[in-house]
Amino acid sequence: MKQKYSPDILNCLANLSSDEVFTSPELANRMLDLLPQELFSSPKTRFLDPCSKSGVFLREIAKRLLAGLEEQIPDLQERIDHIMTKQVFGIACTDLTAEMSRRTLYCSKHANGEYSVSTAFHDEQGNLRYERCQHTWNAQGRCEYCGASKGEYLRTDSRETYAYPFIHKSIKEIFHKDMQFDVIIGNPPYQMSDGGGMQTDSSSGSAIPLYHKFVIQSQKLSPRYLIMIIKANWYSSGRGLDDFREMMLSDKRIETLVDYEDSRDCFPGVDIAGGVCYFKWNREKKEKGCNVVNVGNNKSSKMFRALNEYPVFVRSNDAIDILKKVRLKKEMTFDKIVYSSKPFGFRSYEKGDNRPFSGAISLFGSKGISYVNRKDVTINQNLIDKWKVIVSKTSAEHAGQSDKDGRRKILSRIELLDCKTICTESYLLVDVFETEQECKNLISYLRTNFCRFLLSLAVLTQNMAKQSFQFVPLQDFSHPWTDEMLYKKYGLTEDEIAFIESMIRPME
């Protein structure tokens with residue numbers, strides 16, 4: 001007899017590409033596998049998903065508890081009621097996800113409904129709570145709790161405010177009593193629009209990160225274990241994430257970090273700039289070091305290492321030995337050389353005259369060449385008459401993700417500017433020289449796979465800054481450079497060379 005195909009609706013939701021990234025049952029179970037499994041055999045273990053969307057974590061937890069408590073609570077209905085009322089708790093993100101999560105966990109829109117699997121609830125929400133919140137605005141027009149823009153999120157009751165209860169209220173306010181949780185696990189919202197963005201002819205706005213606020217709030221509750229899947233851009237960048245990065249990298253309680261450079265290996269069809277990761281935080285862990293697992297291209301690698309070995313987190317285990325060989329030379333790195341953004345004072349949308357005029361200098365921008373007066377240069381006037389090498393601040397297309405062969409394109413554009421040309425902030429000014437040939441020698445270095453590989457270790461998304469060059473050593477530019485020369489200089493093995501070549505796409 002032919003079996004009927006009965007897909008899990010939560011798998012279907014997980015494959016939808018949207019602002020709300022849903023977790024598949026398979027991923028939820030991989031995260032739950034990180035926990036000591038005896039937790040699911042204790043009738044006292046208490047779990048919380050503080051950002052429930054589909055209810056998948058709570059459902060999979062309940063299934064494990066249902067099996068783990070069978071001997072201790074033989075009666076099925078009694079066991080279900082105990083799990084649902086004493087062990088499994090959730091806080092939804094919105095009204096819609098609250099209803100979705102209750103249907104997933106209780107098999108009913110209402111916890112006390114006719115078709116609910118539990119017979120012990122006397123209210124509609126059960127232990128899966130959601131109450132509409134309002135932002136608390138400060139004098140600057142920002143929410144004190146999440147940083148939302150008043151102009152963007154001051155809304156009537158007919159529209160969702162995205163004031164997530166977990167980071168706007170206390171646990172006591174949400175559940176009407178103080179509670180302690182053994183495990184907090186979830187997939188928080190990653191970011192929210194702040195209504196900003198540069199005032200240009202571009203229609204794209206800007207966003208502020210949110211996920212770190214869920215992590216910090218969870219840690220304040222001091223669970224035994226915390227597991228969350230979040231964006232990975234905190235490794236080296238991210239707006240307002242410097243303190244969070246320092247906190248995470250120095251936290252000895254992070255026991256396991258599972259990293260996906262390409263988010264599509266974790267969330268099929270969802271392209272998230274910088275990739276994603278999930279981590280296990282163990283309140284009782286004291287020793288240094290973390291199990292770092294790289295997952296991608298149908299393979300994985302694992303290494304036990306310190307997260308804070310460098311100012312930013314180097315995600316690739318296979319890159320560590322290469323980086324150590326390079327740093328053994330103790331050479332100055334290019335982040336000390338590259339100029340800060342807006343090197344000559346011109347914003348990316350600024351443009352001069354279309355035609356040259358007497359005494360004009362050229363302004364190189366994203367829309368080509370225009371002409372400005374020398375006196376309009378407000379910064380680094382002493383560099384105008386030098387030869388210059390610039391690179392686009394956009395490092396690559398497709399948000400920096402790897403291509404189908406697993407290779408990344410690093411540095412989308414390198415330009416040589418003569419001694420009467422400057423640039424807008426669309427470009428990073430890498431270095432200046434007295435001669436054109438020295439510029440060409442630097443460009444030969446920037447084009448090598450070796451240089452761009454080291455650059456990639458600090459560039460997770462498509463945007464670059466001077467800090468992106470912190471692992472790139474300065475060279476002697478009295479002559480050109482090739483990969484072969486650099487591989488020999490730093491004593492790289494054939495395997496290490498092959499790894500670099502497999503990671504970086506050659507420049508056209």
Side-chain angles (χ1 to χ4, degrees), residues 198 200 202 333-356 360-372 374 376-398 400 408-456 458-459 461-469 472 474-475 477-483 504-508:
M198 292 189 298
T200 69
S202 170
T333 49
F334 255 98
D335 58 315
K336 311 297 191 303
I337 303 295
V338 175
Y339 290 81
S340 299
S341 61
K342 204 165 63 171
F344 295 99
F346 289 91
R347 302 298 302 271
S348 60
Y349 55 84
E350 291 185 274
K351 187 179 179 183
D353 293 348
N354 291 327
R355 296 183 179 182
I361 58 174
S362 301
L363 176 65
F364 190 85
S366 58
K367 296 186 177 181
I369 294 285
S370 62
Y371 302 91
V372 297
R374 182 181 285 261
D376 292 332
V377 179
T378 59
I379 305 173
N380 294 321
Q381 284 189 340
N382 60 311
L383 304 182
I384 295 174
D385 296 318
K386 295 183 181 293
W387 291 85
K388 311 161 193 75
V389 174
I390 62 171
V391 297
S392 172
K393 287 176 71 173
T394 302
S395 67
E397 73 279 17
H398 303 306
R408 293 180 65 193
K409 178 179 179 181
I410 302 295
L411 293 182
S412 57
R413 189 168 184 177
I414 306 174
E415 297 287 345
L416 188 157
L417 302 184
D418 63 29
C419 51
K420 289 293 184 292
T421 304
I422 59 173
C423 63
T424 69
E425 68 171 345
S426 295
Y427 295 87
L428 289 174
L429 178 58
V430 179
D431 206 353
V432 298
F433 296 95
E434 297 295 332
T435 67
E436 179 182 9
Q437 187 58 51
E438 289 172 295
C439 284
K440 291 181 177 179
N441 294 340
L442 169 56
I443 290 174
S444 71
Y445 178 55
L446 293 174
R447 290 179 61 87
T448 62
N449 290 339
F450 173 84
C451 173
R452 292 181 298 118
F453 169 77
L454 294 175
L455 187 57
S456 74
V459 177
T461 63
Q462 63 181 2
N463 297 315
M464 297 197 308
K466 64 180 298 180
Q467 293 79 14
S468 305
F469 290 79
V472 180
L474 192 64
Q475 306 294 343
F477 295 116
S478 63
H479 61 81
W481 287 92
T482 64
D483 274 314
I504 303 298
R505 192 192 318 169
M507 291 196 73
E508 297 174 0

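Only heavy atoms go into these numbers, but all of them, side chains included; no hydrogens, no water, no symmetry mates. Please read all numbers here as calculations on a predicted model, not as lab measurements.
- In terms of heavy-atom proximity, Y427 sits nearest to R413 at OH-NH1, 3.3 Å.
- Between N441 and S478, the shortest heavy-atom distance links the atoms ND2-C, 3.4 Å.
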Could you walk me through whether D431 and V389 satisfy the side chain to side chain contact (heavy atoms under 4.5 Å, CB included) test, starting with their C-alpha distance in whole Å, then the side-chain angles of each, then the deciding distance to 0.1 Å, before giving a yes or no? CA-CA 6 Å; D431 206 353; V389 174; 5.6 Å; no
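- Atom CG of residue L416 and atom CZ of residue F364 lie 10.5 Å apart, to the nearest 0.5 angstrom.
- Nearest heavy atoms, I414 versus R447: CD1-CG, 3.9 Å.
- Counting all heavy atoms, side chain and backbone alike, T448 lies closest to T482 at CG2-C, 3.9 Å.
- In this structure, the separation between NZ on K351 and OG1 on T424 is 11.5 Å, given to the nearest 0.5 Å.
- For the side chain to side chain contact (heavy atoms under 4.5 Å, CB included) test with I390, the passing option among C423, P343, C439 is C423; the others fail.
- Between K393 and E425, the shortest heavy-atom contact is CD-O, 2.7 Å.
- Two residues are said to be in side-chain contact when any heavy atoms from C-beta on lie closer than 4.5 Å; D385 and R374 meet this criterion.
- Residues N380 and I422 fail the side-chain proximity criterion, which asks for heavy atoms closer than 4.5 Å.
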Give the C-alpha distance, both sets of side-chain angles, the deciding distance and a yes or no for side chain to side chain contact (heavy atoms under 4.5 Å, CB included) between V430 and I337. CA-CA 7 Å; V430 179; I337 303 295; 5.8 Å; no
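- R452 places a side-chain N or O within donor-acceptor distance of the main-chain N or O of R505, the cut-off being under 3.5 Å.
- Between the S444 side chain and the W481 main chain, a donor and an acceptor come within less than 3.5 Å of each other.
- To the nearest 0.5 Å, atoms CZ (F346) and CG (D376) are separated by 5.5 Å.
- In this pair, F477 and F433 present their aromatic rings perpendicular. The plane angle is above 60°, beyond the 30 to 60° band.
- Between the D353 side chain and the Y371 main chain, no donor and acceptor come within less than 3.5 Å of each other.
- Side chain of K420 to main chain of D418: no donor-acceptor pair is present (N/O by atom type, distance under 3.5 Å, no hydrogens or angles).
- A donor-acceptor pair is defined here as one N or O able to donate and one able to accept, closer than 3.5 Å; no such pair exists between the side chain of S348 and the backbone of S426.
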Audit row: L442, W387, side chain to side chain contact (heavy atoms under 4.5 Å, CB included) steps and yes/no: CA-CA 11 Å; L442 169 56; W387 291 85; over 6 Å; no
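- Across I384 and K388, no two heavy atoms sit closer than the pair O-NZ, 2.8 Å.
- Proximity of P480 to K440: side-chain heavy atoms (C-beta onward) are nowhere separated by under 4.5 Å.
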Check the pair L411, M464 against side chain to side chain contact (heavy atoms under 4.5 Å, CB included), reporting the backbone distance first and the verdict last. CA-CA 9 Å; L411 293 182; M464 297 197 308; 3.6 Å; yes
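- Note: L417 CG to S362 OG = 9.0 Å, rounded to the nearest 0.5 Å.
- Considering CD1 of I410 and CG of L454, their distance stands at 11.0 Å, rounded to 0.5 Å.
- Interatomic distance, CD of E350 versus CZ of F344, reported as 14.0 Å (0.5 Å rounding).
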